[in-house]
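Keep in mind that this is a model prediction, so the values were computed, not measured.
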Amino acid sequence: LDELKTGLDEADRLFVCMLHYQHFTDEGRLQYLDELVSYAADKSGVGCMTLSSFGNAYLNGDITWTDSSWDYAPSG
């Protein structure tokens, strides 16, 4: 959890993290997920998207790879 929080804190504009639903099958793992989502939700300017939304944004040019990070600039 700390590693994911640090990654989110250090992300410039976009932090990519895939969460696999089949991993969150018991109370301990659901608590872990709840803590991560709550931490992200408390950050200013943080949003979430599905992998499909990410792929579509990449294909239409809203998400691009820069020298060392992803950049998200929605066109619509």
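- In this structure, CZ on Phe24 lies 11.0 Å from CG on Asp34, to the nearest 0.5 angstrom.
- Atom OG1 of Thr50 sits about 8.0 Å away from atom CG of Asn56, to the nearest 0.5 Å.
- With rounding to the nearest 0.5 angstrom, the CG atom of Leu51 is 9.0 Å from the NE2 atom of His20.
- Both Ile63 and Trp65 are members of a single hydrophobic cluster when ILVMFWY side chains are connected at heavy-atom separations under 4.5 Å.
- In this structure, the side chain of Asp62 engages the main chain of Ser75 through a donor-acceptor pair within 3.5 Å.
- In this structure, OH on Tyr32 lies 13.0 Å from CG on Asp26, to the nearest 0.5 angstrom.
- Counting all heavy atoms, side chain and backbone alike, Arg29 lies closest to His23 at CD-O, 2.8 Å.
- In this structure, the separation between CG on Leu4 and CD on Glu35 is 11.5 Å, given to the nearest 0.5 Å.
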